[in-house]
Enquirer: 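Submitted below is the structure of interest, expressed as structure tokens.
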There are 2 protein chains.
Amino acid sequence: MIEVAVDTKTKILDAAEKLFGNKGFDATSLRDITAGADVNLAAVNYHFQTKESLIDAVIARRLEPVNRRRLEMLTAAGPNATVEQLVEAFVLPVVQQDISSILPMMGRAFASPDPFLLRIFKRNLIPIADRFCEAFMVALPQLSPEECRWRLLFAAGSMAQTLSWSQLVGEITRGVCDATDREAVTDRLVRFVAAGFRASDVREGHA
Amino acid sequence: MIEVAVDTKTKILDAAEKLFGNKGFDATSLRDITAGADVNLAAVNYHFQTKESLIDAVIARRLEPVNRRRLEMLTAAGPNATVEQLVEAFVLPVVQQDISSILPMMGRAFASPDPFLLRIFKRNLIPIADRFCEAFMVALPQLSPEECRWRLLFAAGSMAQTLSWSQLVGEITRGVCDATDREAVTDRLVRFVAAGFRASDVREGHA
DNA sequence: GTCTATAACGGGATAGAC
DNA sequence: GTCTATCCCGTTATAGAC
């Protein structure tokens, strides 16, 4: 493991990512970031102008490769893809980030009411959602387009919440669950979501 | 519809709830709240001491009846409850709030990294999760306790995210989905989650 | 490109009159 | 219980020397 010299811009992005992940965007001040990056306070404004564009840069740095990978996996799965393969193409690239500190941040950004964050997510996620809905409609032809969209939302919710809670699941579940084995968690998530997608489109009688 | 005089404390709670739901906790200042409630700035400190305990009060006012209703429905479903009945007991009381502005707020509070909000949720939700896990284990005896906990987390994630996005689904899905018919959305959500709970506990071979 | 110093502002909370 | 006025702090962002 060789530590190479990193430029100021990258040091800021790294520190910001970590802090945003741990404390959220609002609770993290530029002073926190520059202290963590061991750079001067003014450097962040020099390189990123405003806090908002710093947030944008932090998210884009991770989300763009994720979405590239998602589309790669979607294409690789081909037109006869199984539901599991599609769910994996949606979920795996997010979970397999090499920097785990980004995961809670991405999960949380999903849920933010901030119109600025909303713009970022609409820009980055709506095209992806379109592509995946098409693919799910092929794999599950009996699904209406509306139901398909809803299920993708539910799936994204499960994933996002799991990510944003990843550091807390032990505490929340009284130690029963452990999120450190990310592969196992992903496997559980994929199975849950795939089964949800396969649910009957009409309401079954119950009780 | 008769407007009765409300006391200052309730006016503050109502205004805070609305603003927290629309803008989030951080972005809402006490000045926003007192302006919206048409009360004096100092009144909030007089009645609630700090902003944090105001947040606590706002959440508790809605969450406590929800959890009471959840346990009622759980009890009413009895020991032979179906998976759908259990999921409904978990989801319906949240969705059927008479004040829709609270829904995004509750969904979002789920995802917050704030240790203060975390405390609130651990206090309010862990006992509920315990009770529901017991019930799901009865309805699905082949499920391991760990898998059961994970699935409850996934389910909570779907629900929370759906709530926090409820005002945006139209925009996000290019108009394909409409969240205003809450009953229909709940129905879709229950079906998705129940199917996820029923998924096989072991990984099937795929591709 | 990097630093120090500071401007300009908005926030939560409080003192004290009424 | 309710008000006005204010304190005090941390924040983002910038000006200007190096």
Side-chain angles (χ1 to χ4, degrees), chain A residues 4-61 105 108-109 112-120, chain B residues 4-61 105 108-109 112-120:
Chain A
V4 286
V6 257
D7 60 4
T8 301
K9 209 164 167 174
T10 307
K11 284 202 288 187
I12 292 173
L13 284 172
D14 289 341
E17 176 175 298
K18 192 176 205 168
L19 286 161
F20 288 154
N22 289 335
K23 311 202 300 174
F25 299 114
D26 292 310
T28 300
S29 69
L30 295 183
R31 284 172 167 82
D32 292 336
I33 294 168
T34 53
D38 198 32
V39 300
N40 188 272
L41 174 60
V44 63
N45 283 22
Y46 176 78
H47 286 287
F48 297 96
Q49 292 80 50
T50 68
K51 186 182 180 181
E52 282 202 345
S53 27
L54 171 61
I55 293 175
D56 197 353
V58 168
I59 293 175
R61 185 169 68 140
M105 189 193 80
R108 217 168 309 117
S112 168
D114 188 320
F116 164 74
L117 287 174
L118 180 63
R119 267 191 5 250
I120 294 181
Chain B
V4 285
V6 254
D7 60 4
T8 301
K9 211 165 167 174
T10 306
K11 284 202 287 186
I12 292 173
L13 284 172
D14 289 340
E17 175 174 299
K18 192 176 205 168
L19 286 160
F20 289 154
N22 289 335
K23 309 203 300 175
F25 300 114
D26 293 310
T28 300
S29 69
L30 295 183
R31 286 170 168 85
D32 291 337
I33 294 169
T34 53
D38 198 31
V39 300
N40 188 272
L41 173 61
V44 63
N45 285 57
Y46 176 80
H47 287 287
F48 297 96
Q49 292 78 50
T50 66
K51 186 183 181 179
E52 282 201 344
S53 24
L54 171 60
I55 293 176
D56 197 353
V58 168
I59 293 176
R61 184 169 67 140
M105 189 193 79
R108 220 169 305 118
S112 169
D114 189 318
F116 164 74
L117 288 174
L118 180 62
R119 271 195 359 253
I120 294 180

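In what follows, chains carry the letters A, B, and so on, assigned in the order in which the sequence lines appear, proteins first and then strands, with residues in each chain numbered from 1.
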Enquirer: Choose from C:dA13, C:dT2, D:dA13 the nucleotide whose nearest atom is closest to any side-chain atom of A:Lys51.
Expert: D:dA13
Enquirer: Please state how far atom CZ in B:Phe48 lies from atom P in D:dG1, giving the value in whole angstrom units.
Expert: 12 Å
Enquirer: In whole Å, I'd like the distance from the CG atom of A:Leu30 to the C1' atom of C:dT2.
Expert: 17 Å
Enquirer: Between A:Asp14 and A:Arg61, does any side-chain N to carboxylate O distance fall below 4.0 Å?
Expert: yes
Enquirer: Taking the side chain as every heavy atom from C-beta outward, state whether A:Ile59 and A:Phe25 have any atom pair closer than 4.5 Å.
Expert: yes
Enquirer: When you compare the side chain of A:Thr8 with that of A:Asn40, does any pair of heavy atoms fall below 4.5 Å?
Expert: no
Enquirer: To the nearest Å, give me how far apart CG (A:Leu41) and C1' (D:dG16) are.
Expert: 15 Å
Enquirer: Can a side chain N or O of A:Thr8 be found less than 4.0 Å away from OP1 or OP2 on C:dG1?
Expert: no
Enquirer: Take atom CD of A:Gln49 and atom C1' of D:dA13, then tell me their distance rounded to the nearest Å.
Expert: 12 Å
Enquirer: Please say whether more than 12 non-hydrogen atoms of neighbouring residues, nucleotides or ligands are located less than 6.0 Å from CG in A:Asp7.
Expert: yes
Enquirer: Quick check on D:dG1: is either OP1 or OP2 less than 4.0 Å from any side-chain nitrogen or oxygen of B:Asn40?
Expert: no
Enquirer: Within this structure, what is the CD1-to-C1' distance between B:Ile55 and C:dG11, rounded to whole angstrom?
Expert: 13 Å
Enquirer: Quick check: on DNA chain D, is the nucleotide nearest A:Ala27 upstream (toward 5') of the one nearest A:Asn45, or the reverse? Name the residue that is more 5'.
Expert: A:Ala27
Enquirer: To the side chain of A:Ala42, which of C:dG11, C:dA15, C:dT4 is closest?
Expert: C:dT4
Enquirer: Using whole Å, what does the distance between atom C1' of nucleotide C:dT2 and atom OH of A:Tyr46 come to?
Expert: 9 Å
Enquirer: Looking for any heavy atom pair under 4.0 Å, which part of the strands does A:Ala43 touch: base, sugar-phosphate only, or nothing?
Expert: nothing
Enquirer: Please report the C-alpha distance between B:Phe48 and B:Asp56 in whole Å, then the side-chain angles of each, then the deciding distance to 0.1 Å, and finally whether the side-chain contact (heavy atoms from CB on, under 4.5 Å) criterion is met.
Expert: CA-CA 10 Å; B:Phe48 297 96; B:Asp56 197 353; over 6 Å; no
Enquirer: Can you measure A:Ile33 atom CD1 to D:dA13 atom P for me and round it to whole angstrom units?
Expert: 11 Å
Enquirer: Rounded to whole Å, please give me the gap between NE2 in B:His47 and C1' in C:dT14.
Expert: 16 Å
Enquirer: Is it the case that the base of C:dG12 and the side chain of B:Arg31 share a donor-acceptor contact (distance under 3.5 Å, atom types as modelled)?
Expert: yes
Enquirer: Side chain of A:Ser29 only, heavy atoms from C-beta on: which candidate in C:dG12, D:dT11, D:dA13 is closest?
Expert: D:dT11
